[in-house]
Each structure stands twice: as C-alpha cells, then as structure tokens.
Amino acid sequence: MRNEKRRSKNPNPACDEEVSLINLEEGDQGTLSHAFGGFGLVRRLAEMGLTPGVEVKLVRKCLFRGPVQVEVRGVALALGYGVAARVFVKPLKANQNG
Amino acid sequence: MARQLRIALAGNPNVGKSVIFNQLTGLNQTVGNWPGKTVEKAEGTLYFEDYNIRVVDLPGIYSLSAFSMEEIVSRDYIAIEKPDIIINVVDASALERNLFFTLQLLELEAPIVIALNQVDLAAKKGLEISAEKLAEMLKVPVTPTVAISGTGINELLLEVVAVTHGAEKLKPLKIRYGKEIQSTIENLEKIVKDKIPQLCDVYPSKWIAIKLLERDIDVAQKIKNFKSGEEVLENAENLAGELEKIHGEPSAVVMASERYSLARKIAETVTVFGTSPRISWEQKLSEVTTNKVLGYPILAAVFASMFILIFVGGNTVSAGLEQTLSILIARAQSVLILILPGIAVDLVVKGFFFGLVAGITIALPYIVPFYILLGLLEDSGYLPRAAFLMDNVMHKIGLHGKAFIPLILGYGCSVPACIGCRIMETERERFLSAFVVVLIPCAARTVIILGLVGRFVGLSAALALYAFDLALVFLLGRIAFKVLPGEPVGLIMEMPPYKIPSIRNIIMKTWSRTKDFVYIAFPIIVAGSLVIEALALSGFMGYVVDASTPIINGWLGLPAVTSIPLIFGILRKELALILLEDVFLQQGLNLQSLTAIQMIVFSLVAMIYIPCLATIAACKREFGWKKALAITFIDIGLALLLGGMAYRILQLVMTT
C-alpha cells in the first residue's frame, strides 16, 4: 500500500498526460481517465459520479497529506488522500479560470 | 372504511428525505431497526383523503448495489415487500447524481413518483428545473417541493393517491443501455428466466441480469441456492468478462458510466438556466470553515462552545432535578414504609427509584441538549466539514474522517456514540470506531474527573487526565487497527451545501433519539440498580470488598471500600463519585482523605474500566455479545493495568 502511495506521488514523467488528483493544484480541472484500486473502491467512486470521462475540479487540498475536496457533477465530494491518489485525470489546460 | 396504502421514501442522503418524512407523519412515527440488521428503520402513519397510509423512510443511499447493508435492505424492501408507491426524493440542486439513483429504482421496476425537492437551493445555484419535462422524460409524476417549508407536500400526496387510484397510469421509462451492453443484458436475462424462474418472481429478471453483470455479491449469493445457479453464475461471469474486455473497466463501472450518461442527458434536457449563480453566504461560510488553516480553530471553537453550553446548562438542570426527585422519593419512602417491610422498601427505593433518578438526571439535562446541538450541526451541514478537516488525524488510527462524528458523540454519552458508529462503511470500521469511542470520557465520566481531580488536585491534573485519555485512544486505536484483519477504507463523502436547519426537524430528531436512548438505557439502569441493591442488602458486598482487596488496595493503592463505588459505577459512572463520598462519610471520613495520587488513580480507573451497562447493551445490539464482552473485558483489564502503573509511577514522580 505504501509503495502505491509513493508511486502515485511521483508519477512517471513519461506519461505526463495523466496525473493523480493530488498532483492537481487548487482550482485545476481535468477529465477522469481511470481510478485504480480494489473493486469496491473503484465501483464506489463510479457510483458517486467519478466515472471515466467525467470532468473533475479540485477545489481544496488539506495540508500534510490531508483529504481533498473535488467538484464533480455539480456535487462537492471529500476524498481521503489515499483515495485521491488513486484517481487519475487528464488536466485541462485550456480556458484557465484561476 | 379507510383504505390501506403502503408507501416508502427513497433517495440520496442530504436531500431532505427525512424532512419530508417528518412532514408526512408528524409525531406518529417509530424508529427501530430492520429485523436482524443494524440499519435504522423509521416508520410512521398518516391519514389522507380516506387513506390510511403507512410510510417507511428507507435509509439515504447513493446506489442500489450491495455496497452497504443500507442498500441491500432498501432494495430488498422494494422488491420483496412491494410497497404500493415509492416516493423518490430528488435533490433539484444536484439532479445528475440524484437521477443516477432514480434510474436504478426504475431498473428495479418500482412504482415511483418523484418529489423534486430543494428547488429553492437549485435556484440559488442558478438552476431552474422543469418538472413537466422531467416527468415527460421519465414518464413518472414529478412534484416540486420545498420540504422545509412544507411546500408541495399536499400536492405530492394527491399525486400518490391519484396513482394508486389508477387515475394515472405509471408506464415508467424503460432504460436502454448502449448496444452491446443491452444485448448482453438481454442474453443473460433469457438464461435467468429459463434457469431460475423462482427468483424472477421476486426480482425483475432484467434487474437480476444487470446485477449479475455487475458482479453483485448479494444476488450471486441468492442464486447459489438454486439448482442451476452455478450455471447461471458461470454464464454471467463470461458475459461480464467480455464486457470488461471491450471497455477496459470493471463491469460495474461500465454500468455506472452508462447510467450516469443517461442521467446527464436527462438533467441537461430538463435544466433551464435561471439567473446566474451568485456567491452566497453558504459558499463563503463553506470556504472559511474548511480552510486549511482557519478551519481548525473554528472547529475547536464550535465544539468547545458546544460542550461548555451542555455542561454548564446540564449541571444546573441536573442538580435541580436531583433535588426535586429526592424530595419526591423521600415522600414515597415514607408512604411505602407503612405498607412494606423495611428490606423491600430499601430495594424499591434504592434499587428502582434511584435507578430511575439516575436515568432521568443524566438523560434530560445532558443528553437532550446534546442531541439538539448535534441536530443543528448535522442539519446545517457542519459535521461533514468537521469530518473533512479531521480525516488526516483519524487515518492515524486506521479510520477516516467520518469516525470523528461518533467520537464527538462519545463526549456526550457512549450509548448514542456506539450507535453513531453505523455511519462507518464496513463492519470492521464500525467495530474499530466503537472500540475507541467507549474510551472517550462521556458526560458522566467528566463529572468524576472534574468533581474529584479537578476540584481537589487541580484543573491542570484533570486536563492531564484528558490528554492522557486522548493519547490512549490513539495508541489503542492504532494497535486495534494493526491487529484487526482487513483493509482500511478511505474517505469518500459528500459535502452538502450549508443550509438553515429546520427547527421542527431538529425537535423531531431529538425526540426520537431521546426515546431510543430511554428504551435502551432505562431498563438496564433500573434492573441493574435492583440487582446491585439486592446484593448489597444480602450482605454480599462485604465479600466483594474482601475479594477485591488485593486488587483495589494491593495493586491500585486505593482504600478497600472504593471497590463498592467502582462496582456501582458500572450502572452510571458519576454514581461512583456520589457513592465514594457516601462510603467515606459512613466511616467518618471525606473525599479529601484520599491522597492526590489516589484521586488520580480512582478517576483514571473510573474513566477507562468499563463502558457502563447501557453502553454494553448498545454495543451488544450493534455487534453481538462476543464483541461487546470483548470490549468490556479489554477495558477492565486496561483500567487495572494502567491504574496500578499510574499509582507506582506517580508515587515515584510526586515524592521525589
């Protein structure tokens, strides 16, 4: 588990396209590419609206590897650090709105 | 004769479902458990237009998969009990996510009418939803409501009645999935219909097929009981595998994506953008209260003021109540003595009445205000924010942010705190939370700590005890987290917008929670008082004191008679302090005859040694006898171990 966390913290620069949610800055947006983890977790995320292809906005990051708050399908969701680290998005570069 | 009608309320959490339930049933409701499950079941009745309507409030859930007990209970109720109508409460301000659930109700072929709730909130977000268009697309009746003010409730009931009359026919939308998914479902449905027709009498065959494709463990379990079940499962497994190969995602995710894309399509069609959204006070408040720096002092201030309010207020009321009740009991005693022999009077008065007083003086002054303030925090939407801020800390003991909520409850009373552990997702998480929650000093234990150590040794010593307790909770939580098998679950939680809570809803909630507390705690407290009083009267206590002397005196360094208050403390912890005083007075001593070290050791033991009887009963109800007793004995062992160690260490520290 620890290994996975470390890996997701330093994403392979070669596939720079996809980053973990925790690597986004507050206010950044992206489209979800995939979530990895146990069947239960991935399904739960999908049921809460985090399905592949959906737009996600990172609203807030807590200090010290704390949870993040995202906005998806018009709803605010809190995700623990470990969960957020398993959710990968393609950042949206265009129309930055701060 | 009034006609009977059974309706159920179903929907996501935080959509105002329970507010609608309260609007419908008023005080005619009971809250209990689903048979054999630790899932809350709220039921109520109402009369409307010659109908005698029974309403069941299903738990708030996001999906009808087998993710949690709540989801299984809900879908089984809908499929098996087949209520006449299901009112699907839908949050207009988060339509897409809510429709995801609605689509699953339609898959279950449930007869639904929709309450499009919180249309006011949606308007604030700049969203205007056309109820007519939504009704047209889903082909089910839709009534806009604002539950808090009661708007639309009457229309909703009229709609329910119209549908049951047959004045309106329900021909709900048949959901069609993408091409290859649809044909896979149809293939599997044929097999299901063919091989296990019995199960198709209970659940819709198409729904069984969909759930099998999603690898639903609960449905698979049910199918295994049939003769050709294995064959069906094998087929389902193959088909699910094919789907996954095409899409590169687990089949359950593929299905969820399908539902969401349909939900989005519907939501987009029925949404008319109204005024542009403005930054509202709710958003600003949310911004500040979850701020990564400012959030924490606010959190501390909110809970500190909550507890100060409860304790200052509670103490005053409790003292007053105790005085009034003791006068009443003295009167009763003087009457009883005329008709009953002395021993029987003692048993009735000390056993029964004192037990009752114990219940009343703790339940009313501390528990009721606690529930009111908790209801405010809950309904306003602050609790999820507190959970968000505390997620990091709770992870250190293998739990996540949501566990902060029962932990806070624990400072009020361990009984609701144990029940509050239900919000955790898995059995493991629930038990782990309950294990640490009973170690949190509840109101009664705070009375001992402040009344003994705080009063005679000093406030700093009392605070040190609290700090020690917190450290202990963390240490034990960490150990339990390592020892208990299973993976920790991460936080996935909705943060609903701030709302102005409905006073009516909070009063109703407080009422039903207090009732629940009284039902669990009172019989236990009274029965326990009777037993212990009977033991005391039979002279058994002398043996107990003798037998426990080596532990109480030899190991803990306390006067031997303190075993009596410690045993009584099992009933209600602050009783231990009152009794300690009594026992000393009988010997011509007072509390100050104890040394500072003894006071600290006594308080420490009282704080940890056992969750009171009512808590044990609550634990038993939630986790069964085995785990309830495990918690009890671990706590007793721990209290004795730490008490003895504290006695020795403090002697070294405080004498040098």
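Every chain is numbered from 1, with letters handed out A, B, ... down the list of sequences.
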**OP:** Count the heavy-atom pairs under 4.5 Å between each of B:Pro384, B:Ser65, B:Ser286 and chain A, then report the option with the highest count.
**Re:** B:Ser65

**OP:** Just jot down the side-chain hydrogen bond (donor to acceptor under 3.5 Å, both in side chains) partners of B:Glu494, sequence neighbours excluded, or say none.
**Re:** B:Tyr62, B:Arg97

Original post:
Do B:Glu268 and A:Arg73 sit within salt-bridge range, that is, some charged N less than 4.0 Å from a carboxylate O?
Top reply: no

Original post:
Hey, which of B:His395, B:Met255, B:Lys292 has the most heavy atom pairs under 4.5 Å with chain A?
Top reply: B:Lys292

Original post:
At what distance, to the nearest 0.5 angstrom, does OH of B:Tyr260 lie from CE of A:Met48?
Top reply: 7.5 Å

Subject >> Nearest-0.5 Å distance, CD of residue B:Glu214 to CZ of residue A:Phe39 >> reply: 8.0 Å

Subject >> Residue pair A:Thr51 / B:Ala256: nearest heavy atoms and the distance that separates them >> reply: CG2-C, 4.2 Å

**OP:** Under the salt bridge (Lys or Arg N to Asp or Glu O under 4.0 Å) rule, what do B:Arg259 and A:Glu47 come out as? Steps first, then yes or no, please.
**Re:** CA-CA 9 Å; B:Arg259 288 190 197 108; A:Glu47 285 174 351; over 6 Å; no

Subject >> Selection from B:Gly248, B:Ser261, B:Pro496, B:Ser257 maximising heavy-atom pairs under 4.5 Å formed with chain A >> reply: B:Ser257

Subject >> Closest contact, heavy atoms only, B:Gly490 versus A:Val83 >> reply: CA-CG2, 3.6 Å

Original post:
Atom CZ of A:Arg43 and atom CZ of B:Arg215: how far apart are they, to the nearest 0.5 Å?
Top reply: 11.5 Å

Original post:
Taking all atoms of both residues into account, what is the closest heavy-atom pair of B:Glu249 and A:Ser33, and its distance?
Top reply: OE2-O, 4.1 Å

**OP:** Work out which heavy atom in B:Leu491 is nearest to a heavy atom in A:Pro67; give both atom names and the distance.
**Re:** CD2-CB, 4.3 Å

**OP:** Considering non-hydrogen atoms only, spot the tightest contact between A:Arg65 and B:Asn392 and give its length.
**Re:** O-OD1, 3.2 Å

Original post:
For B:Leu233, does the CG atom have more than 12 heavy-atom neighbours from other residues, nucleotides or ligands under 6.0 Å away?
Top reply: yes

**OP:** Rounded to the nearest 0.5 Å, what's the gap from CG on A:Leu77 to CD1 on B:Ile492? Could you check?
**Re:** 8.5 Å

**OP:** Counting only heavy atoms closer than 4.5 Å, note whether B:Thr290 contacts chain A via side chain, backbone, both or neither.
**Re:** both

**OP:** Look at A:Arg60 together with B:Glu287 and state whether they make a salt bridge at an N to O cut-off of under 4.0 Å.
**Re:** yes

Original post:
Does the B:Lys125 side chain pair with the main chain of A:Gly74, one donor and one acceptor, at a distance under 3.5 Å?
Top reply: yes

Original post:
Where does B:Arg264 contact chain A at under 4.5 Å (heavy atoms): side chain, backbone, both or neither?
Top reply: side chain

**OP:** Please look at A:Val68 and chain B and tell me whether the side chain, the backbone, both or neither of the residue comes under 4.5 angstrom of a heavy atom of that chain.
**Re:** backbone

Subject >> Non-hydrogen side-chain atoms of B:Val253 and A:Pro52 separated by less than 4.5 Å >> reply: yes

**OP:** Write down the atom of A:Ala78, the atom of B:Phe388, and the distance for their closest heavy-atom approach.
**Re:** CB-CD1, 3.5 Å

